[in-house]
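Data block below; observations after.
Just so you know, these numbers use all the heavy atoms, side chains as well, and skip hydrogens, waters and symmetry mates. So you know, we letter chains A, B, ... as the sequences are listed, proteins then strands, and number each from 1.
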2 protein chains.
Amino acid sequence: MTMTSPAAPALDEDETLPIAEVARCTGLSADTLRYYEKAGLIDSVRRTAGGVRRYAAVDMDWLAFLLRLRDTGMSIANMQRFAGLRREGDASVAERLALLREHRDGVDRRIRSLRENNRALDTKIAHYEELLEGER
Amino acid sequence: MTMTSPAAPALDEDETLPIAEVARCTGLSADTLRYYEKAGLIDSVRRTAGGVRRYAAVDMDWLAFLLRLRDTGMSIANMQRFAGLRREGDASVAERLALLREHRDGVDRRIRSLRENNRALDTKIAHYEELLEGER
DNA sequence: CTAGAAGTTGGAGCGCGCTCCAACGCAAGC
DNA sequence: GCTTGCGTTGGAGCGCGCTCCAACTTCTAG
């Protein structure tokens, strides 16, 4: 799930979006957005006087980053660790960097493994193709 | 989870393995092996007179293939579809081929998406590195 | 001012892929 | 033959990542 440019309106400084709009342009459901917030993955979201969420540009950026982590297979538990470090401010930069590197390396390994397995599937597919050829 | 050569003894024709051995060399648990069988993913497994499973070379091959499907993210439901077609014999070859191609293409898309996201993570990592540089 | 749409909360429920358990049966070594 | 441990079954339970719900409040267009 990418954040496609036309779907994400590129908010001007201090323009804000209601949850339905954020849902639409992130591909997450409103429920999931609330769930992420409750889980501590997001915590900066401002509210109206009545308690209604209004997402700012900074929230959208953080969300886009979270989505990258999620889409590369990071668990919510690890995203919580990362979000927690972020809350601690600059002191945690080294630790965040380490976490991120480790994650990226894991993704690289995963990509290599997928490519290897997919090559094997290609071979299997070729076998099936031959089988069909011979039968005609 | 790959089937590493030294772990998988390369069974002679009609030598068989007990479930614990199969578990060890596939990386699956015995519970999972039984679960897969109950789910109809595996159905050729012979038994002793007493009802104890003995896995033959052909079962190991099929398991290795299932593991490839699983490790490339195929759901159990889809593996069931595939296993069902296989049971139907040669008539289903075309359909199996189609299923496999579709799966492989999906994996390719997933790989591309992972690579794209990982490049973005690299950028983020570079930012963090600069941040740490500047601070020293 | 009002109707109706959109948002809020806490908590229950769900689908997936296992994982664990109890109670029992079989098998291999002494 | 007996013990010890491996294997069997059916079914319950679990962790994850949402998803849905009821009951209620807020926001917005007319």
**OP:** Send over the distance from B/Asp31 CG to C/dA22 P, rounded to a whole Å.
**Re:** 13 Å

**OP:** Any chance you could lay out the salt bridge (charged side-chain N to carboxylate O under 4.0 Å, His left out) test for A/Glu102 and A/Arg81, step after step, and finish with the verdict?
**Re:** CA-CA 13 Å; A/Glu102 204 177 314; A/Arg81 291 221 298 137; 5.7 Å; no

Original post:
Earliest and latest nucleotide of DNA chain D, 5' to 3', sitting under 4.0 Å from a non-hydrogen atom of chain A?
Top reply: D/dG17 to D/dC27

Original post:
Which class fits the ring pair A/Phe82 and B/Tyr128: parallel under 30°, tilted 30 to 60°, perpendicular over 60°?
Top reply: perpendicular

Original post:
Are OP1 or OP2 of C/dG7 and a side-chain N or O of A/Arg53 less than 4.0 angstrom apart?
Top reply: no

Subject >> Residue pair B/His103 / B/Asn78, side-chain heavy-atom distance below 4.5 Å >> reply: no

Original post:
Going through the checks in order, is the salt bridge (charged side-chain N to carboxylate O under 4.0 Å, His left out) test met by B/Glu88 and B/Arg96?
Top reply: CA-CA 10 Å; B/Glu88 288 174 19; B/Arg96 276 185 269 165; over 6 Å; no

Original post:
Taking atom CG of B/Leu17 and atom CE of B/Met60, what is their separation to the nearest 0.5 Å?
Top reply: 5.5 Å

Subject >> Electrostatic pair B/Glu116:B/Arg119 at N-O distance under 4.0 angstrom >> reply: no

Subject >> 5' precedence on DNA chain C between A/Ala30 and B/Ser29 (nearest-nucleotide basis) >> reply: A/Ala30

Original post:
Separation of A/Arg34 atom CZ from C/dG7 atom P, in whole Å?
Top reply: 8 Å

Subject >> side chain to side chain donor-acceptor pair (under 3.5 Å): pairs with one or both residues in residues 105-114 of chain A, sequence neighbours excluded >> reply: A/Asp108-B/Asn118

Original post:
For every nucleotide of nucleotides 23-30 of chain C, 5' to 3': is a protein heavy atom under 4.0 Å from its base (B), only from its sugar-phosphate (S), or from neither (-)?
Top reply: ---SS---

**OP:** May I have the step-by-step check of salt bridge (charged side-chain N to carboxylate O under 4.0 Å, His left out) for A/Glu37 and A/Arg34, ending in yes or no?
**Re:** CA-CA 5 Å; A/Glu37 196 172 329; A/Arg34 284 186 284 253; over 6 Å; no

